*Asks:* 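Sharing a structure here in structure tokens format.
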Amino acid sequence: MALDSRHHAFIQSLLARGPQPAVDCKKMFQKLFDAQPGEVEENFFDFLKVYNKHLDFFQLEIRGSTNQHDGTQYYGVVNKLASEPAKLATQYTPAQIAYFKALVEAIVQEPSGELSSIDALNLREDQTVNSQEASSSQSVSLPKLSLAQRDKVLGDLAADKWLYRTEDGGVSLGIKSFLELRSVFMNLEVPFCDVCNEAAIKAMRCQNEDCSARMHSYCAKTKFQRPEVFSF
Ligand SMILES: [Zn+2]
Ligand SMILES: [Zn+2]
């Protein structure tokens, strides 16, 4: 497959708008490439497979992931090379990034996959990070964000889809985190969903006491008739 202006249009759209729902991505693909309605699904996956081989050269990848709050599938462009903080570094200060990291660590430990806004605002965080300029053994102390500054950055991170604000003001992870923080979830030893193999952050636990298995509720629905009562 040779790349042409249609491929360029596809990735430019994802880069400019951020992660988009899978249905919209497939519509865009169908329009750009004149795919027959019955063949969109299959052609789209072939397109991604081949296109990602080209993007590999630039350390980019079009990746699919699920918004764990409603089960909606998204696609987004992920930079495979950049370390996680580097993706945030252009828009956020080191103190804001340290706060975000502390939020991620706290959220993945919550069985509900979210923090109340009060807990999020009052979260304790390690105030030292390794300075990139100094030798790795040195660390610098970061200025602590005020409550107002934390409140502001919670809003900014939600607008950028790193975080997700629930209807009652709770703080959870947004689609950008689900797409881009896979290696972070692995380092934090977040259990995987038994059905889809993605990190089980907003997920149900097996009701058997000794069993550590977890499943997203939207995955359980595809597997069980009565997803509210399940063991596996
Ligand atoms: Zn799942
Ligand atoms: Zn089980």
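Whatever order the structure lists ligands and atoms in, that order sets their numbers, starting from 1. Please read all numbers here as calculations on a predicted model, not as lab measurements. By convention here, the first residue in the shown sequence is residue 1.
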*Asks:* Decide if the gap between the ring center of Phe44 and the ring center of Tyr75 is smaller than 6.0 angstrom.
*Replies:*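 Judged by ring-centre distance (under 6.0 Å), Phe44 and Tyr75 do meet the cut-off.
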*Asks:* For Phe33 together with Phe47, are the ring centres under 6.0 Å from each other?
*Replies:*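 For Phe47 and Phe33, the ring centres are under 6.0 Å apart.
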*Asks:* Applying the 4.5 Å side-chain criterion to the ILVMFWY set and letting contacts propagate, would Tyr164 and Val171 be lumped into a single cluster?
*Replies:*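 Different clusters.
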*Asks:* Hey, do the aromatic rings of His69 and Tyr218 have their centres closer than 6.0 Å?
*Replies:*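 Not under 6.0 Å, so no.
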*Asks:* What is the number of protein N, O or S atoms that sit under 2.8 Å away from the Zn ion (ligand 1)?
*Replies:*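 Protein N, O or S neighbours of the Zn ion (ligand 1) under 2.8 Å, waters not counted, come to 4.
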*Asks:* So, Tyr74 versus Phe178, ring centres under 6.0 angstrom or not?
*Replies:*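 Distance test on ring centres: not under 6.0 Å, no.
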*Asks:* Can Arg17 and Ser13 be counted as having a side-chain donor-acceptor contact under 3.5 angstrom?
*Replies:*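 Result is yes, a qualifying pair exists.
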